[in-house]
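The structure under discussion appears below in the form of structure tokens.
A note on names: the letters A, B, ... follow the listed sequences, proteins ahead of strands, and every chain is numbered from 1.
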Amino acid sequence: MDGSGSFDLLEEVFSRVRESSIFRDRDKLSPDYVPSRLPFREEQIARLGAILAQALKGYKPNNAFIYGLTGTGKTAVVRYVLERLREKAQEIQVPVTVAYVNCRQRDTEYRVLSDVLDSLGVRVPFTGLSIAELYRRLVRALERGRARLIVVLDEIDYVLRKHGDDLLYRLLRINGELPEPSVSIIGITNDLNFVDSLDPRVKSSLGEEEIVFPPYNARQLQAILEERASLAFKNGVLDEGVIGLCAAIAAREHGDARKALDLLRVAGEIAEREGSSRVTVEHVNKARNQLERDRVFEVVSTLPLHAKLVLLAVVKLIDAKGKATTGEIYSVYTELAGRVGVEAVTQRRATDILSELDMLGILSARVVSRGRYGKTKTVTLSSSRGSIIEALKTDDIIGRLIEED
DNA sequence: CCTCCACAGGAAGCGCAGGAGT
DNA sequence: ACTCCTGCGCTTCCTGTGGAGG
């Protein structure tokens, strides 16, 4: 980067941010912000509150299982209730400790346990001890503190998928080693199927209580957005229909409130960057495109080499004739693999790669029968060609391949 | 009505890496 | 330092199948 030109550019951007004409407080739209009111979740708050209230009376709360798709307010509700519980416990002098662990970030048994210990005030080295030793220390800390411990495992399916249900099984058994049971577990997941894959013993004891978070409908999303928008934006900067459009788009994607908030925030950011004094429906559409581009980029650029090659083969075929079938894709793919000097995977594997790309929402593969001419999958792209190519180019090997023609 | 294409997609197993137990 | 175990990406081998053309 060279000197003065880019500095002036930055100066301009920075000063525009400082005197934002759009946002009052952008963080109110951030996914991490926990609002003081959670509309349409009164029932879930009351249920969870009733369960955890046992801890205030000196009993062990039941374990609970919380399900709901992404963006249905699970994490926000749990954090909200825990915070209130913590306040109340302090107020009436009852020892309650809360450990909140996000299992997507802390995705091994060791890391989860060390976070739990950390919340009890026990520091452990980030590596070096055996898992069994961590459990021993946990038991000792609990005996010493005599506190109720509530462990919240958010996105619990991540650890379990990777490491099986040992973690849960052993955590649940800790109560047996204590003079009185004092560990409660709250599991949160957005994968409804994964519950069935649990050990039946774990399943039954974790599922003592179950709380379901249904998706929000468009009307509810609209109300949520209006409330947040009034905190985040300056008065009257939102055009008519902006909130309605965000709500409608997110409602179509299984009522995901996070998505709705993202749209609104990015639309505001785009409006601001353009120096506009208002946020328009047009800005929302741009925001939708940008979010989609980011998603595709994120997914495609981290794909393994063979998946990228298969994807490039699909793009080439669609460029040439508007559609692609498995056989064609495979032969173009093997040719590409040859050109970059790697051995091709088998066709069987290639069909699995196609299915994976389908599940990631990059393309869409439909099984069709062409009668005499066999049965195959016809593949179309389900995200923009431009974004895909752009993301593929970040890979040196694939990039060279694209440059060549 | 039957055939037979061009695949889909299940089952089993292999080599490897990385992590746990000893 | 060593075995043992597990999950992952992949191959090999396989059976199943919707419907155009005979």
Q: For A344(A), answer base if it contacts any base atom (sugar-phosphate contacts may also be present), sugar-phosphate if it contacts only those atoms, and nothing otherwise; contact means non-hydrogen atoms under 4.0 Å.
A: sugar-phosphate
Q: To the nearest Å, give me how far apart CD (E356(A)) and C1' (dG9(B)) are.
A: 13 Å
Q: Using whole Å, report how far CD of Q347(A) lies from P of dG9(C).
A: 20 Å
Q: To the nearest Å, give me how far apart CG (L305(A)) and C1' (dG9(C)) are.
A: 14 Å
Q. Whole-Å distance between dA6(B) C1' and I329(A) CD1?
A. 13 Å
Q) What's the closest nucleotide to the H306(A) side chain, out of dC10(C), dG9(B), dA6(B)? A) dC10(C)
**Q.** I318(A) side chain reached by K321(A) side chain, heavy atoms, under 4.5 Å
**A.** no
Q.
Whether the side chain of R372(A) and the base of dG22(C) hold a donor-acceptor pair under 3.5 Å is what I'd like checked.
A. no
(Q) Please compare R349(A) and G374(A) by the position of their nearest nucleotide in DNA chain C and report the one closer to 5'. (A) R349(A)
Q) Y373(A) has a side chain; which of dA8(B), dA20(C), dC7(B) sits nearest to it? A) dA20(C)
Q.
Taking the side chain as everything from C-beta on, heavy atoms only, tell me whether L29(A) gets closer than 4.5 Å to R228(A).
A. yes
Q | dG9(B) phosphate, OP1 or OP2, under 4.0 Å from K377(A) side-chain N/O | A | yes
Q) What nucleotide, of dG9(B), dC7(B), dT11(C), holds the atom closest to the side chain of T376(A)? A) dC7(B)
Q) Which listed nucleotide (dT11(C), dC7(B), dA8(B)) is nearest to the side chain of T351(A)? A) dA8(B)
Q.
Can you measure R366(A) atom CZ to dA8(B) atom P for me and round it to whole angstrom units?
A. 14 Å
Q: To the nearest 0.5 Å, tell me how far I211(A) CD1 sits from R47(A) CZ.
A: 5.0 Å
Q) Quick check: does any side chain N or O of D239(A) sit under 3.5 Å from a backbone N or O of V242(A), one acting as donor and the other as acceptor? A) no
Q | Gap between atoms NZ and P, on K375(A) and dT3(B) respectively (whole Å) | A | 19 Å
(Q) Please determine whether a side-chain nitrogen or oxygen atom of T326(A) lies at a distance below 4.0 Å from atom OP1 or OP2 of dA8(B). (A) yes
**Q.** Nucleotide of dG21(C), dT12(C), dA8(B) approaching R348(A) most closely (side-chain heavy atoms)
**A.** dT12(C)
Q | Rounded distance (Å) that lies between atom C1' of dC10(C) and atom CD of E343(A) | A | 11 Å
Q: Could you tell me whether the phosphate oxygens of dT17(C), OP1 or OP2, come under 4.0 Å of any side-chain nitrogen or oxygen in S369(A)?
A: no
Q) Expressed in angstrom and rounded to an integer, what is the separation of L354(A) atom CG from dA8(B) atom C1'? A) 12 Å
Q. CD of E292(A): more than 12 outside heavy atoms within 6.0 angstrom?
A. yes
